[in-house]
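The next block holds one structure in the form of structure tokens; read it before the comments.
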Amino acid sequence: MSDEGGFAPPPFAAGTALTQLRRSLRDLQLSERGNGYELRGKRVVELELDAGATAIQARITRKPALTPEWDRQLLKSSADQRKWLDELKKRLARWERDE
């Protein structure tokens, strides 16, 4: 028996996903500066399309600083995008608590 009738997720549209992420970051009150986003004048996120426009290169700082340490992730699916955004929201909440 074959699984030809199974569910296959739609292909990842990196350009559309990048637009959605940008909107979500603005909703989180982050200021857009070029390909990055700032929280109180400190860069905390950077996003850009991968070379073939099939994925998004995403970076989140470990904590807001003038010279931050970055965690990198390649977003290749909608699931990756949701997990990355959830992680960002957790960090934003932690940074608010720590201040």
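Since the model is a prediction, treat every value here as computed from it, not as a measurement. As a basis for the values below, the full set of heavy atoms in this structure was taken, side chains included, without hydrogen atoms, waters or symmetry mates.
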State the CZ-NZ distance between Arg91 and Lys63, to the nearest 0.5 angstrom.
12.5 Å
Could you tell me whether Lys83 and Glu87 make a salt bridge, using a distance below 4.0 angstrom between a side-chain N and a carboxylate O?
no
Please report the interatomic distance OG1(Thr16) to CG(Leu21), rounded to the nearest 0.5 Å.
11.0 Å
Ignoring hydrogens, what is the shortest heavy-atom contact between Tyr37 and Leu30? Give both atom names and the distance.
CB-CB, 4.0 Å
Heavy atoms, side chains only, cut-off 4.5 Å: are Leu47 and Leu18 in contact?
yes
Quick one: which residue pairs count as a salt bridge (charged side-chain N to carboxylate O under 4.0 Å, His left out) with a foot in residues 33-56, not counting sequence neighbours?
Arg33-Glu38, Arg40-Glu96, Arg40-Glu99, Arg43-Glu46, Glu46-Arg59
State, yes or no, whether a side-chain contact exists between Leu25 and Leu88 at a heavy-atom distance under 4.5 Å.
yes
Looking only at heavy atoms, which two atoms of Pro64 and Leu39 are closest? And how far apart?
CG-CD2, 4.4 Å
Any non-hydrogen side-chain atom of Ser77 less than 4.5 Å from a side-chain atom of Gln81?
no
Just wondering, do Gln57 and Arg72 contact through their side chains at under 4.5 Å, heavy atoms?
no
Considering all heavy atoms of both residues, which atom of Ala55 and which atom of Phe12 are nearest to each other, and what is their separation?
CA-CE2, 4.3 Å
Heavy-atom side-chain contact between Lys89 and Leu28 under 4.5 Å:
yes
When Ile56, Asp71, Ile60, Leu74 are each screened for side-chain contact (heavy atoms from CB on, under 4.5 Å) with Trp84, the one that passes is Ile60
